[in-house]
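Okay, structure first, notes after.
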Amino acid sequence: MYLSDILRNSIFRISLDFDDKSEAEVIISNTGTCDSIATDWIHNNLYYTDVENDIIGVVDLDSLNKVTLIDEGLSEPRAIVLHPEIGYMFWTDWGNGKIEKAGLDGSFRQTIASNLTWPNGLTIDFPTSTLYWIDAKLKFIQVSDFDGDNVQTIFSSQDFISHPFAITIFGNVLYWTDWTLESVVTADKLDPSATATQFITNLNRVMDLKIVHPLRQPDFENVCLDNTCDENSVCLPRPNFLSVGRFICRCKDDGECPRCPDGSFECSNNSSCISDDLKCDGSADCDDGSDESNCVPPTCSMTEFTCETGSCIAAALMCDGNDDCSDGSDEFEEICSERVMCYVNNGGCEDLCIDSLCQCSSFGYKLAEDGTSCVQITSCEELVSEFCSHWCEDSSGVVECACSVGYHLAKNMHSCVATSDLNAKLLVIENHISIASYPIFDGTEDIIGVAENRKKFNGTMMAIDYDMENRFLFWSDVTQETIFRLPLDLSEDTEPEALLTNASDCEGIALDWIHNNLYYTETKRQVIKAVNLDSLQVVSVVYENLEKPRDIVVHPGIGYIFWTDWGSGVVEKAGMDGSHRHIIVENLTWPNGLTIDFPTFTLYWNDAGQDMIQSSDFNGGNLVTLLSESPIISHPYSLTIFGDQLYWTDWGHNSVITVNKLHPTMSASMNAPIGEQPAVLTGITAVHPIRQQKYDNQCGTCSENAVCLPRPVGVSSNSFICKCSDGEDCDQEPKKHWIWTWLGWKGKEQ
């Protein structure tokens, strides 16, 4: 049995059978004000909260090595519980009024519930995978799943909940302590109002209670069983959705950990040891990504065959009946089938032979009927093997690609690149706490440069957008429930400005750079709002029939917003005033990231449930699946585009993935940030003036308590509405004001 003593600042261990001869053993000292402890009975670690120092720590119960896991963004952490099978811990934060979760190694931190007052006790119902908590100020018991969804208030009663402190569960029965009632109260979780009773009375300030039974500590897999951690380290499990790197070795506080043992690789920042098998496997397993740096690519030339052992043989030796690779891989049946013969006489192709298929490398040519030679294309309708970035023209009898205003044709004669001399930058939120800036050049290649700048912040950062003209950067923080603003250059001397507070669970933001409004989603409140950046007045734009709105994008030139809803599995659009709502696509699973290709009027989105990227026009027509069931995509999150390149953050690969929108299956590239490899990448956006072009401002004059919202172009005699700010009372009618706008769909650069 383990107990904490806040007077002696220590955690003790004593025999569970209450043997009078057994003396309490000090497990760890200097724990500050330790309000709660939780044992990981599978991996033999004990986790604790320290209210005085605002930290969560862990101690190995064998070596007694101590590691501080979380020391940022906490304000009086109270109760803590663990689930060793899924690799997560959960805790209440009394100061911030919320409940959070994180991996047992401190990674993948997330807010479960917010807007609480004094969240106290916390317990896990293992059979139903649910979390119960109790609030001493609001005087209720709530329950949710492990992601904070399906929150329900199951009991609120002054008679039985006056000042609750600790809570636990066994079977269907909840047990909690109450300081005012001086009792232990019980109730059936399925009908607490009819079954609540004071189980034990006349107790003075009961601090904690636990149910002791084998079912409260089920048997799970021990991922640390064969760990290679050093004697000065602690083996910590990671969340179980990770297919590799299920544990890390964390060096104890103020410890010096030597190099990793044989058969393992030491991460550059000494944060962990991983198996040698995980080095250079295409997925970052070290926190700093060092296991994927300095990896030697395959060395076999195009005239050679790469054996499964990694050795090279002449292509002519393939499929000759002899085992030239020593492992037989050059004679495998699937290699030697009639279709895979590019190594022999170029597969009979006049131009290129790729994966046993003939292809034409020159723009404007296609395969002839013989399937091996190339002939010239004379009509855009015939342009099959190669597409134009923007559109195709054939009025002169010769196929040519054309570009929108602000772009010109690249040397390959089919890609459109921005005329501006400025290189684009990719802004990526790394590990929820920093923004990094990467150069991406002209958008015709899959190369992402080394980070030019990286700035750290406190909190849990999710969504990101920018204002090119005024040089501002915006992001949402789901821990602080705030949208922040900072100069776009990520200046070290400038502190972020809290632009908007009480933005609950905001995972999507989008700037209307013409009318100076910022649109954002609130997932748990099921609403899409807009804030005017001059007056800071907030209006609810879409607030009906939303389940879990996630990402959002805007097109100020046509007056529409688009968003994903991963609760209902749809992509929708509406006017920027909330009118003319329309479903773009449905029957998705977890639609996540969303981006607009402005020159082609195309919408792109990804689906984390189906590991898929699709596109359509703004009405849902011309639906195309670009990627599906591909190894390059594994839980995509945010999405952006620049030029021909799509970029998304990928939680499965811990990387930024980029593909060419015209040839996505042939152009994929994985870019794991080097230096400070994050556990997870969230928001991403491409920064360049061409992505925020000038359109007519459709807004007129509104009262000071209202926000001007543009209407969809061409649908009304009024080009805008004045919408009263949430909680305000407005009576001003907008002055009629209409501006026709020309978007330059096929305006060629002169």
Side-chain angles (χ1 to χ4, degrees), residues 98-99 101 110-116 128-131 142-154 241 460 462-463 476-479 481 483 502-510 518-531 538-554 560-595 603-614 616 618-620 623 635-639 648 651 682-683 726:
K98 62 184 178 180
I99 296 170
K101 77 172 184 179
Q110 177 187 341
T111 298
I112 297 294
S114 54
N115 298 320
L116 302 174
T128 62
S129 296
T130 50
L131 198 66
Q142 289 186 312
V143 61
S144 79
D145 60 28
F146 291 157
D147 293 322
D149 296 326
N150 304 312
V151 177
Q152 299 177 46
T153 301
I154 65 167
F241 69 82
T460 306
M462 295 299 295
S476 67
D477 188 309
V478 296
T479 298
E481 297 187 344
I483 295 176
N502 197 30
S504 176
D505 233 28
C506 173
E507 294 191 36
I509 61 174
L518 185 75
Y519 290 77
Y520 61 97
T521 62
E522 290 191 276
T523 302
K524 290 187 178 178
R525 290 178 179 159
Q526 301 175 316
V527 66
I528 294 172
K529 297 182 179 182
V531 55
V538 176
V539 294
S540 296
V541 180
V542 181
Y543 44 85
E544 295 179 341
N545 300 318
L546 292 173
E547 290 191 28
K548 294 180 179 178
R550 228 290 283 152
D551 205 4
I552 187 168
V553 292
V554 302
Y560 275 95
I561 56 175
F562 305 81
W563 69 89
T564 56
D565 189 318
W566 65 269
S568 54
V570 299
V571 177
E572 290 191 75
K573 77 172 183 179
M576 296 174 74
D577 62 340
S579 68
H580 295 81
R581 187 171 171 184
H582 174 70
I583 292 178
I584 300 291
V585 64
E586 50 192 345
N587 298 320
L588 302 175
T589 306
W590 294 338
N592 250 342
L594 191 66
T595 193
L603 196 66
Y604 292 85
W605 62 86
N606 57 34
D607 187 313
Q610 302 183 48
D611 286 337
M612 175 177 69
I613 294 179
Q614 292 183 308
S616 77
F618 289 164
N619 294 316
L623 181 66
H635 200 118
Y637 188 72
S638 289
L639 180 70
W648 72 89
W651 287 8
T682 51
D726 292 356

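One-based numbering along the sequence shown.
Looking at heavy atoms from C-beta onward, P549 lies in side-chain contact with D565 at the 4.5 angstrom threshold. Side-chain atoms of S616 and I584, non-hydrogen and from C-beta on, do get closer than 4.5 Å to each other. Using a 4.5 Å heavy-atom cutoff, the side chains of I483 and C506 are in contact. Counting heavy atoms from C-beta outward, N592 and T564 have side chains that stay 4.5 Å or more apart. With contacts defined as side-chain heavy-atom distances shorter than 4.5 Å, the pair V538/Y520 qualifies. Side-chain contact between V151 and K524 is absent, with no heavy-atom pair separated by less than 4.5 Å. Residues Q142 and L116 are in side-chain contact: their nearest non-hydrogen atoms beyond the backbone lie under 4.5 Å apart. Between E481 and T111 there is no side-chain heavy-atom pair separated by less than 4.5 Å.
Note that the CD atom of E572 and the CD1 atom of I528 stand 7.5 Å from one another [nearest 0.5 Å]. In this structure, CZ on F562 lies 10.5 Å from CH2 on W605, to the nearest 0.5 angstrom. Going from atom CG of D726 over to atom NZ of K529 covers 5.5 Å, rounded to the nearest 0.5 Å. Here the straight-line distance linking atom CG of L639 with atom CG of L594 works out to 7.5 Å at 0.5 Å rounding. With rounding to the nearest 0.5 angstrom, the CG atom of D551 is 10.0 Å from the CE atom of M462. The distance from the NZ atom of K98 to the OG1 atom of T479 is 4.0 Å, given to the nearest 0.5 Å.
Scanning both residues, W590 and D607, for their nearest heavy atoms gives N-OD1, 3.1 Å. Between N502 and N115, the closest heavy-atom pair is OD1-OD1, 4.4 Å. A pairwise comparison of heavy atoms in I112 and F146 identifies CD1-O, 3.0 Å as the closest pair. Minimum interatomic distance between D611 and H635 (heavy atoms only, all atoms of both residues): OD1-N, 2.8 Å. Between S144 and G148, the closest heavy-atom pair is OG-CA, 3.7 Å. Looking at every heavy atom in both residues, L603 comes nearest to F618 through N-CE2, 4.2 Å.
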Practice item. Would you check, one step at a time, whether the test side-chain contact (heavy atoms from CB on, under 4.5 Å) holds for Q614 with L623? Key: CA-CA 7 Å; Q614 292 183 308; L623 181 66; 4.3 Å; yes
Check your understanding: Can you list the steps and then say if V541 with M576 is a side-chain contact (heavy atoms from CB on, under 4.5 Å)?
Key -> CA-CA 8 Å; V541 180; M576 296 174 74; over 6 Å; no
Point to revise | Stepwise side-chain contact (heavy atoms from CB on, under 4.5 Å) check, T589 with M612 | key: CA-CA 10 Å; T589 306; M612 175 177 69; over 6 Å; no
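Y560 places no side-chain N or O within 3.5 Å of a backbone atom of H580 that could act as its donor or acceptor partner. Between the N150 side chain and the D145 main chain, no donor and acceptor come within less than 3.5 Å of each other.
Each of D149, T521, T523, D505 was evaluated against K548; a single residue qualifies, D149, per the side chain to side chain donor-acceptor pair (under 3.5 Å) test.
A cation-pi arrangement is present between R550 and Y637, with the terminal nitrogen or guanidinium carbon under 6.0 Å from the aromatic centre and inside a 45° cone about the axis.
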